[in-house]
Amino acid sequence: MNVLIKTRTVVNCLYNSLLKVNNISPSTHRHSSIRQLQFDNVQQTQEVELLTSLTKEVIDRCRERRWKIGIAESCTGGLVSGSLTALAGSSDVVDCGFLTYSNDAKIRLLGVPSELLASVGAVSHEVALSMADGVLNKVPAVHLAVSITGIAGPGGGSDTKPVGLVYFGLACRGYKTLSSKHIFSGDRTTMSVDDHCEFLLPELPPNTKPLEHQVAGHFYGLSKTKFGLLQRSNGDVLKPLLNPPRGPREYRFYVDVFQNTSSSSYSEQDLLNIRNFLPKYLGTYEFKNMTYLILENIIQPFELPCIADIKIGRITYDPEADLDKIERQAKKFPPAAEVGFQLLGWKTYRQREQVYEYHDKHCGRTLDKDELIHAIAHFYGATTILRRDVIKQVLNRLLDLELIMDKQRTLLLFASSLLIVYDGKQSIEPHTDVRLVDFAHVFPNKKHDENDENFLFGIRNYINYLILLLDENYVYIPVTKIEHHPKKFSCYKQSSHISDETLTDTYNSHGYTENV
Ligand SMILES: O=P(O)(O)O[C@@H]1[C@@H](OP(=O)(O)O)[C@H](OP(=O)(O)O)[C@H](O)[C@H](OP(=O)(O)O)[C@H]1OP(=O)(O)O
Ligand SMILES: Nc1ncnc2c1ncn2[C@@H]1O[C@H](COP(=O)(O)OP(=O)(O)O)[C@@H](O)[C@H]1O
């Protein structure tokens, strides 16, 4: 097995993980060359150059964050540590390397459970995870740990674990530990790397980065497809089109609303009325076989944006959903049948401590009906001071939207969200915005004499909650599930693209707090 390629892959994993946890855009030029080379058969010299450039990138990124790296190696026998330390000046970043070639060394030095080794074997996802976690457990100074365990050959392979099979582990404090499987094959000069690597990210279009302040939906690098919302340097949002029929449906809807096409299935007046509630549609953009919608960034005018994504509707699947989808959606948040909405994510600014606090859909879905009102109050600042001035403005806008939706007869909005934004900065006049987003499940209403009862039920209920909050007698009761697990970020540096899985994990086990 070509050790150089193995080493590069480890370093590449480290590099991608840094982008993931730091919301850092890679330098596009270098990134594209990395991508290009990644699955090609390349010459050793190119490999060395690539390895050097990746290594430098990793070291530089960690240095920026003042992070220390720890490495746990098995089959590479110290090569990864070697390539990282070969770089002049890496000593302030590389903390330690464990060469744990034998099972016994993995147990002794990294605390890998012997039962685990006995049950799944040293070359496995589980052991890679345990090795990476072991580094963090053993060395408090280390922030980011990578592990590698594999079958180097020429002997030692089997049908289920062939020569060339390698697992990588990647552990970062406060985040879920990930593992990745690679099968390396070929001879020393002709190598192929299978692309089953969780850490590889789609190439970012020039001058873009993952969307700042995103609170729900597909996060870049972390959704199933790894594609997610981005922002351009001028702030415009790029939303990747989901697979058909969803993506094209959403695209069609934006075009109908903003270009008022006569062929539309919806009434022209209905589209015109709702237009004011959508982010402006600014066209499409193509990059590397992906089409993006270009949308107005509605967060941009805010200094300290506090954002909530509220999915509206008792039913969040469309008329074409199959039974599986219906079942999955219905199970996610059973109270939705009663309240008609769900909190998919909210980010709020805590005046006193001057930090952001973020809660995701997993948190939203743990709430019961009685807790919901306090969770909503939490978004409007209840932990410090309930922003009734903000609530009043939001309420007025929601009432306008409700009126439009009550009058219209041609639209059915399934699984769309209200995006509510206000400025966490204390000012004399509250600054707010309310929009609708996510139109992957918009359908024409075949019954022209009916409105969208499913949507109206949800928005009216949310409105009712806001009215309750305006009542002087309302008293905020902290919800343990929310208060005990805050994810806090200092004002401007929210790491906004953390995976659903990662968030669940941090939420459940760590109560992650980061002040970068
Ligand atoms: O559970 P699933 O499989 O229905 O996944 C949902 C997605 O459905 P899909 O897999 O594309 O059919 C679903 O996509 P759609 O909205 O149905 O296009 C959402 O992304 C949903 O996330 P959330 O409930 O909006 O936070 C996704 O839910 P999560 O699994 O992320 O909770
Ligand atoms: N136009 C926009 N401006 C600013 N943020 C946006 C905009 N559209 C979406 N977002 C952010 O992205 C998240 C997901 O958006 P959504 O359209 O629902 O994407 P998805 O289809 O991936 O679920 C929202 O919760 C919000 O945080």
Side-chain angles (χ1 to χ4, degrees), residues 242 244-279 281 308-344 369 372 376 394-420 434-468:
L242 302 174
R246 290 153 210 230
R249 207 187 278 136
E250 177 159 46
Y251 160 73
R252 194 69 251 156
F253 186 64
Y254 270 108
V255 170
D256 283 347
V257 172
F258 284 89
Q259 294 173 1
N260 240 328
T261 38
S262 51
S263 61
S264 167
S265 324
Y266 311 106
S267 122
E268 241 176 78
Q269 193 55 49
D270 290 348
L271 295 176
L272 205 61
N273 290 343
I274 208 172
R275 186 190 285 180
N276 181 26
F277 281 91
L278 268 64
Y281 168 68
D309 182 318
I310 301 137
K311 194 181 232 181
I312 300 294
R314 277 190 286 221
I315 292 172
T316 55
Y317 50 85
D318 64 46
E320 289 176 4
D322 59 27
L323 279 177
D324 266 8
K325 174 79 182 172
I326 295 174
E327 224 173 75
R328 274 203 312 277
Q329 290 288 322
K331 267 205 297 221
K332 276 185 196 169
F333 185 57
E338 221 180 315
V339 294
F341 64 85
Q342 47 192 297
L343 308 183
L344 287 194
K369 225 182 116 232
L372 219 42
I376 295 170
V394 169
L395 185 59
N396 282 333
R397 185 132 162 102
L398 285 175
L399 288 169
D400 288 347
L401 177 59
E402 190 234 346
L403 199 65
I404 289 169
M405 289 302 289
D406 191 33
K407 274 195 344 206
Q408 70 82 26
R409 291 289 181 275
T410 58
L411 296 158
L412 293 175
L413 307 185
F414 294 101
S416 293
S417 285
L418 287 174
L419 212 54
I420 299 181
V434 176
R435 305 287 180 114
L436 280 168
V437 293
D438 205 349
F439 305 105
H441 303 278
V442 174
F443 276 71
N445 195 345
K446 297 274 162 50
K447 304 176 191 157
H448 279 269
D449 53 342
E450 283 178 21
N451 54 24
D452 185 350
E453 195 279 329
N454 182 49
F455 183 92
L456 279 169
F457 179 82
I459 192 172
R460 284 180 179 145
N461 265 338
Y462 188 79
I463 287 173
N464 287 338
Y465 276 102
L466 293 194
I467 293 171
L468 286 176

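Residue numbers run from 1 in the order of the sequence given.
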message: A cation-pi test, strictly: NZ or CZ of Arg328 under 6.0 Å from the centre of the six-membered ring of Tyr317 and no more than 45 degrees from its axis. Yes or no?
response: no

task: In sequence, state the C-alpha distance, the side-chain angles, and the governing distance for Asn276 and Arg397, and then conclude on side-chain contact (heavy atoms from CB on, under 4.5 Å).
output: CA-CA 11 Å; Asn276 181 26; Arg397 185 132 162 102; 3.7 Å; yes

message: The criterion is side chain to side chain donor-acceptor pair (under 3.5 Å); which residues satisfy it with Lys446, sequence neighbours excluded?
response: none

query: Where the side chain of Gln408 meets the backbone of Leu411, is there a donor-acceptor pair that is under 3.5 Å apart?
result: yes

query: What residue pairs, at least two apart or across chains, pass salt bridge (Lys or Arg N to Asp or Glu O under 4.0 Å) with a residue in residues 408-418?
result: none

statement: For Asn445, the side chain to side chain donor-acceptor pair (under 3.5 Å) test, sequence neighbours excluded, returns none

field: Partners meeting ring pair (Phe, Tyr, Trp, His ring centres under 6.0 Å) with Tyr254 (sequence neighbours left out)
entry: Tyr281, Phe439

- prompt: Should Lys407 and Asp270 count as an ion pair when the cut-off is N to O under 4.0 Å?
  reply: no

Check: Ser267 side chain, Thr410 main-chain N or O, donor-acceptor pair, under 3.5 Å: no

- prompt: Can you check whether Val257's main-chain N or O pairs, donor with acceptor, with Arg275's side chain at less than 3.5 Å?
  reply: yes

query: Quick one: salt bridge (Lys or Arg N to Asp or Glu O under 4.0 Å) pairs with a partner in residues 452-461, sequence neighbours left out?
result: Arg314-Glu453, Glu402-Arg460, Asp406-Arg460

- prompt: Without hydrogens or angle criteria, can the side chains of Asp309 and Ser417 be said to hold a donor-acceptor pair below 3.5 Å?
  reply: yes

message: Going by side-chain contact (heavy atoms from CB on, under 4.5 Å), name the residues that satisfy it together with Pro244, two or more places apart in sequence or in a different chain.
response: Pro248

message: So that I know where these two stand, are Tyr465 and Phe341 an aromatic pair - ring centroids less than 6.0 Å apart?
response: yes

- prompt: In this structure, which one of Leu418, Leu436, Leu413, Asp438 forms a side chain to side chain contact (heavy atoms under 4.5 Å, CB included) with Ile312?
  reply: Leu418

- request: Would you mind checking if Arg249 and Glu320 are paired as a salt bridge, meaning a charged N to carboxylate O distance below 4.0 Å?
  value: yes

